Amino acid sequence: MTQPETFGRYRVVRHLGSGSFATVWLAHDDRLDTPVAVKVLAENWTHQLDVQERFLEEARILRQADSTWLVRVHDLDVLSDERPYMVMTYADQGSVADLVAKGPLPLDEALRLLTEIGQGVTVLHRHGTIHRDIKPSNVLLQSSPVGQRVLVADLGFAKSIDQASGFTAAAGTPGYMSPEQSAVGGDIDIRADVYSLGAVAYELVTGRRPPSPPIRVRPRQLRPGIPPALDELIMSSLAEDRDERPRDATIFTQRVRAIRMAPDLVSAVPWWLRHQPAWARACIGIVAALLLLAGFAPSAAQPNMSFTRVPDATGEISVNVPQAWARQVQASGWSPRELGQTGGQQPGLLVTTDVERWRDADSPPSGIFAGLLRGPSSAQIDQIIDGAPCASPSVARQISSERWSGQMRQWNDCPGSFTAAVLRPTDGSYTLYLEIRQHDYQPHIIEQIIDGARFEGAA
Ligand SMILES: Nc1ncnc2c1ncn2[C@@H]1O[C@H](COP(=O)(O)OP(=O)(O)OP(=O)(O)O)[C@@H](O)[C@H]1O
C-alpha cells in the first residue's frame, strides 16, 4: 500500500491499520498543530452505495454524539477519486484488545475500563444508536492529563434504535455478539450491546473471550478471587434471554461502579500483582556477598551451580537458592491477605537479582518468594492464585517428598518461567507458598529449590 502525502489539509504520517471496509492513517493537522486519525473508505467499497452510506452515517453519529467517551469526528470530506474520509481523534495508546492480549487485567483496571466503555455505550443509546459491535479492538485508548481515556469506536455496524426492531441482517463479531444478533432477521434492541459489554467484561477479568451461549463456565471458575457481584453481573449480561440481562448500558455501568467502590475490592486484585506495593516500599539491597559473610555457606548441589541458603528476618523460613540469584533480599515478611488468605503479618522473603523488577511482566528477574500461611489449610493452589501471570498455557501437578506434599502450577513461557507452589508438611500445621521465576526454564533447579525450602520446626 502506498502512503499518500495528504488528505486535504492533513499531512499523512503513517499507516495505523486496515479493517474490512476502511484504512486508517495517522496524520497531522499542521494548522491546528495536532495529530489526527484519518479513516478512508476502501477503494473497492467506494461505489457500493449501502457501504458508503454506512460510512457517512458513522461519521454523522460520532459528530452529533460528540462525547468524551466516543471517538470524535472533526471533519468529513471526499477525495478526488470519490473515496470519503473522516478525520477523527487520534487514539495514541492502541486498543483494549492490546491490553487483554497480555492476559487478564488487574481488577481495578478492568472495572475502570468497563465503567468508561459503559458510559460510551450509554451515550450512543441516548443518541438513539445501537453499536452492535462492542469488542476490545473497537475500544481505543487515548492518553489524557489524568492517565488514560477510553474511546468507543467503529460504528460500522451501528443501527438506529428505531429501525432495529424490524428485520435486521446478522452483524457483529462472534464471541461478543448476542444470540439475537446472530439470527438473520432477528429483531434487536439495546440489550444486544449489554450482552457485548458482558462479553468484554468476561474477557477483561478472565483473559478469555466467552464461549458461545449458553455460557457454562462462570468468570469466578477461571479467576476465583473476583467479587461475586461482578461474576453475577457478567453472567446475567450474557444471558441468552435478553429479559434476564441488565435493562440497559446505564444499569450495567452503575453496577460496575458500585462493585468498584466496594471497600474490600483491593483483595481481589490478581495475586501476582498484589504484593508489588509492599516490595516497592521495602528497603532492599542486601548483596549475596554479605549473606556469605554472615555465614550462609554455599552448597555445591549442582555441577557448575552453587546454591546458598537465605533466611528471612525471623529466621523461621529459609530457602536454598542459586547463588547467582541472591543479589537482593527483602526478608521482612508479608501479609497472606495479599492473596485473599487470612492472617496478619507472617514470615516471608524475596530473594532475587532485582527486587524492584520482581513484578515486571515483560522482563522479570530470576528469584524466589516464600511466604508462610499459618494454621491448617487445605486451600489448593488454584484457590490461592486466581489468575495467570501471562497468557501462555500452564501445567499443574501434585508434588510430594518425605517432608512435604502440595501442588504447583507452572507457566514456561511467561516470559521466562513462572512457578507457583504450595507446600504442606506432613503434620499440616502451616503452608509455605512459593513463587519461582527463572529466565530459562530449568526444572531441576525448581525441584531443588522446592526441596530445599525450610520452616523452623519442620524436619
Ligand atoms: N481514531 C483512531 N486512532 C488510532 N487508531 C485507530 C483509530 N481508528 C481506528 N484505528 C485503528 O485502525 C485500524 C483499522 O480500524 P477500523 O475501524 O477501520 O477497522 P477494525 O476495527 O480493525 O476492523 P473491522 O472494521 O473489520 O472490524 C485498527 O487497528 C484501529 O485500532
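FYI, side chains are in, hydrogens and waters are out, and symmetry mates aren't considered; it's all heavy atoms of this structure. Computed from a prediction, not measured in an experiment: that's the story for all the values here.
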Between D92 and S143 (side chain of the first, backbone of the second, donor and acceptor by atom type, cut-off under 3.5 Å), is there such a pair?
yes
Taking E58 for the side chain and L155 for the main chain, is one N or O donor matched with an acceptor at less than 3.5 Å?
yes
If every non-hydrogen atom of L124 is compared with every non-hydrogen atom of I61, which pair is closest and at what distance?
CD2-CG2, 4.0 Å
Please lay out, stage by stage, how R260 and D108 fare under the test salt bridge (Lys or Arg N to Asp or Glu O under 4.0 Å).
CA-CA 7 Å; R260 202 174 162 206; D108 50 352; over 6 Å; no
Side chains of H125 and D248: is there a donor and an acceptor less than 3.5 Å apart?
no
Return the set of residues passing salt bridge (charged side-chain N to carboxylate O under 4.0 Å, His left out) with E232 (not counting sequence neighbours), or none when no residue passes.
R218
So the salt bridge (Lys or Arg N to Asp or Glu O under 4.0 Å) pairs with at least one residue in residues 73-90 (sequence neighbours excluded) are D81-R83
What I'd like to find out is whether the side chain of V36 reaches to under 4.5 Å of the side chain of V38, using heavy atoms alone.
yes
So V152 and I117, do their side chains get closer than 4.5 Å, heavy atoms only?
yes
Would the number of heavy atoms belonging to other residues, nucleotides or ligands and lying under 6.0 Å from CD of Q3 be above 12?
yes
How about Q148 and Q93: does a side-chain donor come under 3.5 Å of a side-chain acceptor?
yes
Backbone N or O of F157 within a donor-acceptor pair of the R132 side chain at under 3.5 Å?
yes
Look at the side chain of H131 and the backbone N and O of D133, then say whether any donor-acceptor pair between them is shorter than 3.5 Å.
yes
Quick one: closest heavy-atom pair of V205 and A110, and the distance?
CG1-CB, 4.0 Å
Contact check, side chains of P179 and Y195, non-hydrogen atoms, under 4.5 Å
yes
Which is it for R245 and D189 under the salt bridge (Lys or Arg N to Asp or Glu O under 4.0 Å) test, yes or no, and what are the steps along the way?
CA-CA 12 Å; R245 295 179 206 151; D189 61 26; 5.9 Å; no
Take S363 and R357, measure what side-chain hydrogen bond (donor to acceptor under 3.5 Å, both in side chains) needs, and give me the verdict at the end.
CA-CA 8 Å; S363 163; R357 283 185 29 249; 3.2 Å; yes
When you look at K39 and D154, which way does the salt bridge (Lys or Arg N to Asp or Glu O under 4.0 Å) test go after all the steps?
CA-CA 10 Å; K39 184 168 181 171; D154 198 354; 3.7 Å; yes
Among pairs that include at least one residue of residues 196-208, which meet salt bridge (Lys or Arg N to Asp or Glu O under 4.0 Å), considering only residues two or more places apart or in two chains?
none
Side chain to side chain, E116 and W69, heavy atoms closer than 4.5 Å:
yes
Would you call D187 and R242 a salt bridge, using N to O less than 4.0 angstrom?
yes
Do E57 and R63 sit within salt-bridge range, that is, some charged N less than 4.0 Å from a carboxylate O?
no
With Y90 via ring-ring contact (aromatic ring centres under 6.0 Å, His included) - residues at least two apart
none
Quick check against the 3.5 Å criterion: does Q438 have a side-chain atom that pairs as donor or acceptor with the backbone of S417?
no
Heavy-atom side-chain contact between Y176 and P136 under 4.5 Å:
yes
Nearest-0.5 Å distance that lies between atom CG in L197 and atom CZ in F252:
5.0 Å
Sub-6.0 Å ring centroid separation between W334 and F369
yes
Sequence neighbours excluded - ring-ring contact (aromatic ring centres under 6.0 Å, His included) pairs with any residue from residues 204-242:
none
R60 and E53 ion-paired at < 4.0 Å
yes
Without swapping roles, check the side chain of S366 against the backbone of H439 for a donor-acceptor pair under 3.5 Å.
yes
Between F21 and R54, is there a cation-pi geometry (under 6.0 Å to ring centre, at most 45° from the normal)?
yes
Which heavy atom of I251 sits nearest a heavy atom of P246, and at what distance?
CG2-CB, 4.1 Å
Output yes when a side-chain donor or acceptor of D312 lies under 3.5 Å from a complementary backbone atom of G333, and no otherwise.
no
Does the pair S178 and Q181 meet the rule for a side-chain hydrogen bond (donor to acceptor under 3.5 Å, both in side chains), with working shown?
CA-CA 5 Å; S178 63; Q181 257 173 284; 3.0 Å; yes
Restricting to non-hydrogen atoms, name the atom on G175 and the atom on P210 that form the minimum distance, rounded to 0.1 Å.
O-CG, 3.6 Å
Quick one: which residue pairs count as a salt bridge (Lys or Arg N to Asp or Glu O under 4.0 Å) with a foot in residues 6-16, not counting sequence neighbours?
R9-D29, R11-D30
Answer yes or no: is there a side-chain heavy-atom contact under 4.5 Å between F7 and V40?
yes
So does T206 get a backbone contact from the side chain of R223, meaning a donor-acceptor N/O pair under 3.5 Å?
no
Backbone of V351 reached by a side-chain donor or acceptor of W358 within 3.5 Å:
no
Least distance between heavy atoms, A37 atom then L16 atom
CB-CD1, 4.2 Å
N138 backbone acceptor or donor facing S95 side chain under 3.5 Å:
no
Heavy-atom side-chain proximity of L99 to L141 below 4.5 angstrom
yes
Count the heavy atoms belonging to other residues, nucleotides or ligands that lie under 6.0 Å from CZ of R247, then report whether that count exceeds 12.
no
Taking the side chain as every heavy atom from C-beta outward, state whether I259 and L233 have any pair of such atoms under 4.5 Å apart.
yes
Return the minimal non-hydrogen interatomic distance between P219 and D231, and the atom names on each side.
CD-OD1, 3.1 Å
